[in-house]
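This report refers to the structure that appears directly beneath it.
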Amino acid sequence: MPNDIVRRLPNHIEAGDHPYLQGAWTPLLEEVNATGLKLLEGRVPTDIDGVYLRNTQNPVFPALGRYHPFDGDGMLHMVSFRNGEVSYRNRFIATKGLGAELEAGQRLWAGLMEDPALSRRPGWGAHGGIKDASSTDVVVHAGKALTTYYQCGEGYRLDPLTLDQQGIPPWSPLDGISAHCKVDESTGELLFFNYSKHAPYMHYGVVDKDDRLVHYVPVPLPGPRLPHDMAYTQNYAILNDFPLFWDPELLKEGKHVVRFYPDMPSRFAIIPRRGGPQDIRWFEAKPTFVLHWLNAYEEGDEIVLDGYFQDEPMPRNYDGAPKGYERMMSYLDQYKMGTHLHRWRFNLKTGETTEQRLDDRILEFGMFNLRYATKPYRYAYSAVQVPGWFLFNGYVKHDLVSGESWQIQLPEGQYASEAPFAPRVNAKDEDDGYLVTFITNENTQRSEVLLIDSKRFADGPICRLELPHKLCSGTHSCWASGADIRDGLLSLPG
Ligand SMILES: [Fe+2]
C-alpha cells in the first residue's frame, strides 16, 4: 500500500490507568497519505462517490489536570471513493491552541473536568478558558470541511479532499460555533448555533451557500445552558433549553457543576429559518436531555422531531472507574443515561407537544439519508454502544413506517465509528446506498474502512479495506457527495 508519512508528532502521553488513553482510545500521532488500501473482504463498489470525514480526539499534550477524551486535539480522517478507487489521509486540525502548545513545547490548557483557572493562557468557548480543540464534529459546506468543538470554538476549515488547512471562517461570530451545525443539501445553507455564559445565552445563524453570513439572531434563554445539537425543517430551525445546566449559584463562584432539574420541562424553540427572537414559539415537553437529533419535518399542523431521549440525564457515578474518573465514565455511558429513540410532535395550531418512545433499546448517534432531511423519511440508523464504554460495536436500521428493525453486531474487539449514509450513485430510493464507517480492530491493531449496503443491511459489511494505522476512537463524522463537491453546490464562487 503506497503510504507516505507526512508528519509524526512526539508522544507526551502517560496513559497510566486512564481508561480513555489506551485500547481503542490510544491517541494517534502520525499523519499519512495512503492509496491502494488493502482489500480484506468483499469488493469496492463502483457506485459510491464522495468522501467520508471523521473527527477524532488525539492529545498531543494531554490537558492540565485530569484528561477527558473530549480535550484531545482534533484530527480529521478522510477516505474518498470514486470509480472503485479509494484513498485515505489524516491530519491534525491546525488549531491556534495546538499551535501554541507545539511552540511552547508543553500543555497550556486545563481540561473540561478541571477549573479553567488552571489554564496558563486565555482560552475559548462556553466553558471558559479551555482549548478550542475543534475535535467534535465535521460538516462540508461551501466546498470546505468545517470542524467544530462542542463548547463553541471558532470552527476550522480544511479542503475536504486534500485536508489542506484553510483556517477559521471569516464569519465565525464572537461567541463561536457549537458542534452540530447543519448543512441543508437542498439550499446549500449552513444553520448553526452557539451558547455562552452571558445573556442572551444563545444565538442562531445562517450562512448561505456562497459562504456569506446572512442571518444571526439572539435566542434569549433564562440563563446559561448546555445545548448540544439543533434540528431544522423546511421552514423552521429548532433549538432547545433542557433542564440540565450549570448550578447557577455555584457558577457565580466560578464553579461549573452540572445539575438536572427534573421539575422543569424541556423547552423547544421553533424559529422561522430567517426569523428573529420575536418569532420564536416555545414548546414544552417531558424533562430530559438530548445529545443528538435525527431528522425533523413538517406534517400538517405539526412539526415532527426524532432524537434520543435520556431517561437519566444525570447518571450515578460509575462503579469501578479509576479514582477521579467515576463521573466522566458515567457520562460517556449511554446505558447509564438510558438513551432511547424518541419522537416529539409540536402542534403549531394548539401549541401542544406529544411524545412517543420508538424503541426500548439503548441507541444514539443516529444517521439518515440527508437527501430526505426536512421530508417525511422512513429509514434511520443508530449506533449500538458497548455497555460502560464510549465505543460502538453495532448498528440498528429502523423502518419508521413499518416499525421493523435490523441489527448488526460487530465481532469482539472491533469498534465502529458514527456511520453516515452515502447514497448510491443514481440512487432510486431512500435506503439505496451505503453506511460508511471506520473500525478500530483491537485484534489486529489496525483500523479499517467498512461499507454496509443498506438494502442488505443484515448481511453486514460488503467491503472491508485496511488503513495504514490504528485510529483513536472519536465522535462525529459526515459524508459529502463527490458530485456535490465537483458540481459546486457546496463550492465557493471563484
Ligand atoms: Fe455530538
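In each ligand, atom 1 is the first atom listed, and ligand 1 is the first ligand listed.
Residues Tyr381 and Ser454 bring a donor and an acceptor atom of their side chains to less than 3.5 Å of each other. Between the side chains of Thr353 and Glu284, not a single donor N or O lies within less than 3.5 Å of an accepting N or O. Looking only at atom types and distance, the side chain of Asp184 has a donor-acceptor partner in the side chain of Ser186 under 3.5 Å away.
If you count the protein N, O or S atoms nearer to the Fe ion (ligand 1) than 2.8 Å, you get 4.
Checking each of Trp109, Tyr149, Tyr156 against Trp124 for a ring pair (Phe, Tyr, Trp, His ring centres under 6.0 Å) leaves exactly one that passes, namely Trp109.
Ring geometry, His228 versus His476: the interplanar angle falls from 30° to 60°, so the pair is classed tilted.
Sorted by first and then second residue, the salt bridge (Lys or Arg N to Asp or Glu O under 4.0 Å) pairs with a member in residues 52-68 read Arg66-Glu114; sequence neighbours excluded.
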